[in-house]
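Atoms within each ligand, like the ligands themselves, are counted from 1 in listed order.
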Amino acid sequence: MKILSVFIFSCIVGICLGAGASISTGGSSSGGSVTETEKTRLLKRGHPLSLTCSPNITHATTLWEKDGKEIIESERIKLFSNTTLYIVSAEEGDIGEYTCRHTNLLETKTFVVVEFSLQKHLPKSTTVLENDKLSLTCQVDGNPHPIVQWLKDGEPVQESVNSSRLTLSENEAGISNGSLLINPVMKSDSGNYLCLITQSTIQFNTTTDVRVKDIYAALWPFLGIVAEVIVLCIIIYIHERRRIKKNFDASDIDKISEQKVKEENKENEVRQRK
Ligand SMILES: *[C@@H]1O[C@H](CO)[C@@H](O)[C@H](O)[C@H]1NC(C)=O
Ligand SMILES: *[C@@H]1O[C@H](CO)[C@@H](O)[C@H](O)[C@H]1NC(C)=O
Ligand SMILES: *[C@@H]1O[C@H](CO)[C@@H](O)[C@H](O)[C@H]1NC(C)=O
Ligand SMILES: *[C@@H]1O[C@H](CO)[C@@H](O)[C@H](O)[C@H]1NC(C)=O
Ligand SMILES: *[C@@H]1O[C@H](CO)[C@@H](O)[C@H](O)[C@H]1NC(C)=O
């Protein structure tokens with residue numbers, strides 16, 4: 001009986017854990033690499049950074065400006081005659097807008113140097129219970145701050161979710177609109193949620209499929225299993241009681257018959273003596 005109750009207890013615990021695990025997020029992948037464009041370049045601190053004004057020109061005097069101020073060649077910043085600006089080891093102060101000009105170039109060219117990182121993609125899928133809350137965070141950071149927008153099935157989330165239930169706030173890195181909260185969640189909130197990140201001319205996104213589960217849909221299988229366990233317990237209990245009672249009765253009958261045999265033997269002895 002003791003072993004049985006331990007077994008049933010562990011079953012119940014297992015079921016609880018199983019039910020808990022089903023209400024969670026799907027597989028997630030770690031940070032993604034963002035490809036730079038010709039005009040928007042990513043700065044990596046401590047790494048070299050080079051900008052080339054006109055790739056096919058080998059001999060020209062190039063005038064470089066950063067945020068409107070002329071760049072003077074130094075130990076850290078080299079200006080080559082092939083119109084390349086080379087920063088030996090980039091630092092935060094190198095973030096900004098660069099323009100270049102030389103005699104063979106009709107218009108100035110512009111480069112934007114930014115910092116940008118996406119620490120983690122959204123999980124592939126997110127399951128949430130109806131009336132519970134949905135919380136999604138775009139773990140993005142950048143300098144200058146990137147613009148974050150949330151789309152639900154391709155439309156701005158503000159248009160499909162009631163404004164009183166929707167809250168957009170800063171993420172941990174302080175990026176505006178980086179975190180989305182819907183509370184309480186309705187069935188109609190199911191869909192594809194996309195975090196669209198814009199950093200200068202780079203656009204990047206991460207997306208998750210949100211499923212809103214009926215609160216009873218999660219509860220019914222659990223209640224079914226609980227009912228099953230209770231019925232099983234009752235059956236075992238009744239069975240055990242019957243068995244114990246039967247054994248008791250049987251041993252009583254044995255004692256009585258033993259006594260009878262003894263008495264009969266005595267009688268026989270007495271008869272034989274006579
Ligand atoms: C540079 O030269 C290559 C061939 O050497 C050519 O394909 C390319 O278009 C040129 N680029 C520019 C900006 O002139
Ligand atoms: C420009 O010249 C420098 C120094 O000679 C060289 O390291 C670099 O690769 C050149 N860049 C291009 C785009 O040719
Ligand atoms: C917005 O919320 C109200 C009440 O909370 C509800 O009646 C209405 O259907 C909701 N509209 C949409 C588009 O979800
Ligand atoms: C955040 O989102 C709101 C609503 O769409 C928008 O009005 C606001 O400009 C956004 N903030 C930033 C910094 O992008
Ligand atoms: C999101 O990124 C994917 C892959 O880079 C791209 O195909 C898709 O067009 C992007 N979606 C939006 C809305 O920018």
Q: Kindly indicate, with the supporting measurements, whether the criterion side-chain contact (heavy atoms from CB on, under 4.5 Å) is fulfilled by K109 and T99.
A: CA-CA 5 Å; K109 248 183 154 177; T99 55; over 6 Å; no
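- For E91, the salt bridge (charged side-chain N to carboxylate O under 4.0 Å, His left out) partners at least two apart in sequence or on another chain are R76.
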Q: With side-chain contact (heavy atoms from CB on, under 4.5 Å) as the test, would you mind laying out the steps for E170 and I175 before giving the verdict?
A: CA-CA 5 Å; E170 287 182 359; I175 307 300; over 6 Å; no
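- Aromatic ring pairs are classed by plane angle as parallel below 30°, tilted from 30° to 60° and perpendicular above 60°; the pair F80 and Y86 is tilted.
- Between the side chain of S54 and the main chain of I57, no donor-acceptor pair closer than 3.5 Å is present.
- The shortest N or O to N or O distance between N205 and ligand 5 is under 3.5 Å.
- Taking the six-membered ring for Trp and thresholds of 30 and 60 degrees, W64 and Y98 have ring planes more than 60 degrees apart, a perpendicular arrangement.
- The ligand atoms of ligand 4 that sit less than 4.0 angstrom from a heavy atom of N177 are 1 (C), 2 (O), 3 (C), 8 (C), 10 (C), 11 (N), 12 (C), 14 (O).
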May I have a table of the N/O to N/O pairs between ligand 2 and the protein that fall below 3.5 Å, each row giving the two atom names and the distance to 0.1 Å?
| unit_1 | atom_1 | unit_2 | atom_2 | d |
| --- | --- | --- | --- | --- |
| ligand 2 | 2 (O) | N82 | OD1 | 3.4 |
| ligand 2 | 2 (O) | N82 | ND2 | 2.3 |
| ligand 2 | 11 (N) | N82 | ND2 | 3.0 |
| ligand 2 | 14 (O) | N82 | ND2 | 3.3 |

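- The distance from ligand 4 to the heavy atoms of S176 drops below 4.0 Å at these ligand atoms: 13 (C).
- In Q158, the part holding a heavy atom less than 4.0 Å from any atom of ligand 4 is the side chain.
- For ligand 5, the atoms lying closer than 4.0 Å to a non-hydrogen atom of L196 are 14 (O).
- At least one side-chain heavy atom of D94 sits under 4.5 Å from a side-chain heavy atom of L43.
- Using a 4.0 Å cut-off between a side-chain N of Lys or Arg and a carboxylate O of Asp or Glu, R45 and E115 qualify as a salt bridge.
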